[in-house]
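Data block below; observations after.
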Amino acid sequence: LLRDDPREPLDFHLDALVHVAHAVHFAHTHGIIHRDLKPDNVMIGSFGEVIVLDWGVAVSTRFDPSGVLPHAPDTRGLAGTPAWMAPEMVEETGERIGVHTDVYLLGALLYTVLTGEPPHDGETVYESLYRAWRNTPKMPEDVPPVLLALCERAMHTNPAERHTSAEHFRLELQAWQRQRPARELAARVADEWARLKPLLTLATENDEARRRVRVHFGACQAAGELALHAWPEIPGVSETLHAATEAMARLALHRGDLGGAEFHVAALTQPSQELVQGLEVLQSQHRIERVRLAKLDWDSDRSVGAGARSGMALALGVVWTAVPLLTWIAQRGWGYELTSTGQLFTGGLFAAMAMAAVWKLRAGLFANELNRQVLMGGVVTVVLTFIGRLAAAVAGLEVANVTLLNTLVFGSVLAMLAATVDWRLVFSAATYAIAALCIAAWPIHALPLIAGANLVALGLIAWLWRPEESTRAGR
């Protein structure tokens, strides 16, 4: 039963001791006290059977007329092994011998399991007897506290303070064995919590600290849940888990991590009012942020009002292509002469038509911020075009110069919208840029060139913003 036997683990020794206690309790139920329990009197068979030997000094707590066993109060002299004796066994008479004596000897066996030595080891028999009478064995320090307390109670000098029976001793020893894995897990819980606490302050800003906090909390939580499953009443574990979970909830709240805060607060059986209120504030902030993001998403969704934008671009494309082209044909075929004043008139007509189209399509064109920006770009285009034509009429500029100016205005506004609304408009802006260069090079062909630019640029916009394509792009 020695602890330092390299072939046998502690659990094996304790299992054997449980069987010894069971056998001794059986003897006690028949009024028999062993009086000489020690490692030499315990045999363990090859199949694990445990046998208690040498009942030669046993006594009876009941009067036996047959005289097979002496009556304990009637015995005289010392009996037993001094290195394992209970204090009352050192006395001259056996008046104080009883069940509690064997309970002490069971405690002495446990002491030997824990230390590898008898409790009253001395250089001589008399020294061992003296130590047994004083009963002050040096208790081990490197053993589980509960097991040490069990040993100290069984070996108490006052028999009334010991376990009430060998069965009582056995049940407590088995309870410790059952609870041992849970206690080891509880120690792991405390260790992980101790490692986690110093990292909480650093974890608010440091990614590596947050990673380590998650690792330690995960280990703490897993060990705690296993410990509670094995022993629901294990002391300290629930409290430590509660403290660790509260700390994680506070960390999540501090960092604005709504998911983490909700998870940890939900895991608490009784979260503090501070945590509940903090979670409610964070939830409110996230609701406001979700609304803001949803509005941003809506305002930037190209699928909203796509039909209105495409229809507007198509209508303008048809009109702005047809009018310059027909004017050019009239000039070539019938000698019609277009002046800057005539361009001013057509500009006003275009503005009126654009306003009518906007009114007709207002539901889509005012639906979100993207559409409003496009509409504002259209308004800027019409206003700048009209102002340019008015200035050209006053200054008496050539039609080609006015057309070149209009082309540059169209291209500039589309370039601005490409940068702020839809990058694909850059192709239409490039179309007007090419047209402006061509008009500057061949001013006599200004009208067909602007007509072609309008057809390509606005047709492309109408195609890009068609409802099906805008829906896919918005996704």
Side-chain angles (χ1 to χ4, degrees), residues 306-361 364-365 374-375 377-386 388-389 392 398-418 422 424-467 469:
R309 294 196 310 275
S310 179
M312 183 80 172
L314 183 60
L316 291 177
V318 170
V319 174
W320 288 5
T321 299
V323 172
L325 191 59
L326 291 175
T327 303
W328 178 71
I329 293 173
Q331 283 179 330
R332 301 282 292 186
W334 303 302
Y336 172 74
E337 183 177 355
L338 179 65
T339 63
S340 56
T341 303
Q343 282 189 314
L344 176 62
F345 173 76
T346 57
L349 182 61
F350 286 162
M353 293 174 62
M355 290 176 62
V358 168
W359 177 257
K360 179 68 175 176
L361 301 172
L365 295 177
V374 171
L375 180 59
V379 170
V380 169
T381 301
V382 171
V383 170
L384 290 179
T385 300
F386 185 78
R389 291 188 176 188
E398 295 292 332
V399 171
N401 293 332
V402 176
T403 304
L404 176 61
L405 178 62
N406 293 341
T407 306
L408 292 174
V409 169
F410 297 161
S412 299
V413 172
L414 282 173
M416 177 189 68
L417 291 176
D422 186 346
R424 297 175 300 174
L425 296 178
V426 71
F427 299 111
S428 295
T431 299
Y432 281 116
I434 294 172
L437 291 174
C438 292
I439 292 171
W442 301 289
I444 192 172
H445 300 299
L447 291 177
L449 287 172
I450 189 65
N454 288 336
L455 176 64
V456 174
L458 294 174
L460 179 60
I461 293 173
W463 181 79
L464 289 175
W465 282 349
R466 68 191 188 278
E469 180 61 26

>> Looking at every non-hydrogen atom in both residues, tell me the closest pair between A451 and P324 and how far apart they are.
In response: CB-CB, 4.0 Å

> Roughly how far, to the nearest 0.5 Å, is CE of M416 from OG1 of T381?
Replying inline: 7.0 Å

>> Testing the basics here: between P467 and G307, what is the closest heavy-atom pair and its distance to 0.1 Å?
In response: CG-CA, 3.8 Å

> Can you tell me how far the CZ atom of R424 sits from the CG atom of L460, to the nearest 0.5 Å?
Replying inline: 9.0 Å

> Got a second to check how far L425's CG is from L464's CG, nearest 0.5 Å?
Replying inline: 7.0 Å

> Got a second to check how far L449's CG is from L325's CG, nearest 0.5 Å?
Replying inline: 11.0 Å

> Considering all heavy atoms of both residues, which atom of T407 and which atom of Y432 are nearest to each other, and what is their separation?
Replying inline: CG2-O, 3.1 Å

>> Holding to side chain to side chain contact (heavy atoms under 4.5 Å, CB included), I want the full list of residues that pass it with L405, two or more places apart in sequence or in another chain.
In response: none

>> I need the L314 CG to I461 CD1 distance, nearest 0.5 Å.
In response: 11.5 Å

>> Using 0.5 Å steps for rounding, measure from the CZ atom of R309 to the CG atom of L375.
In response: 11.5 Å

> If every non-hydrogen atom of G411 is compared with every non-hydrogen atom of A429, which pair is closest and at what distance?
Replying inline: O-CB, 3.7 Å

>> In the structure I gave you, are the side-chain heavy atoms of T385 and F410 within less than 4.5 Å of one another anywhere?
In response: yes

>> Could you report the tightest heavy-atom contact between S428 and A457, atom names first, then the distance?
In response: OG-O, 3.0 Å

>> Exactly one of I444, L408, L404, I434 should register a side chain to side chain contact (heavy atoms under 4.5 Å, CB included) with I439. Which one does?
In response: L404

> Which atoms form the tightest heavy-atom contact between V413 and V380, and what is the distance?
Replying inline: CG2-CG1, 4.2 Å

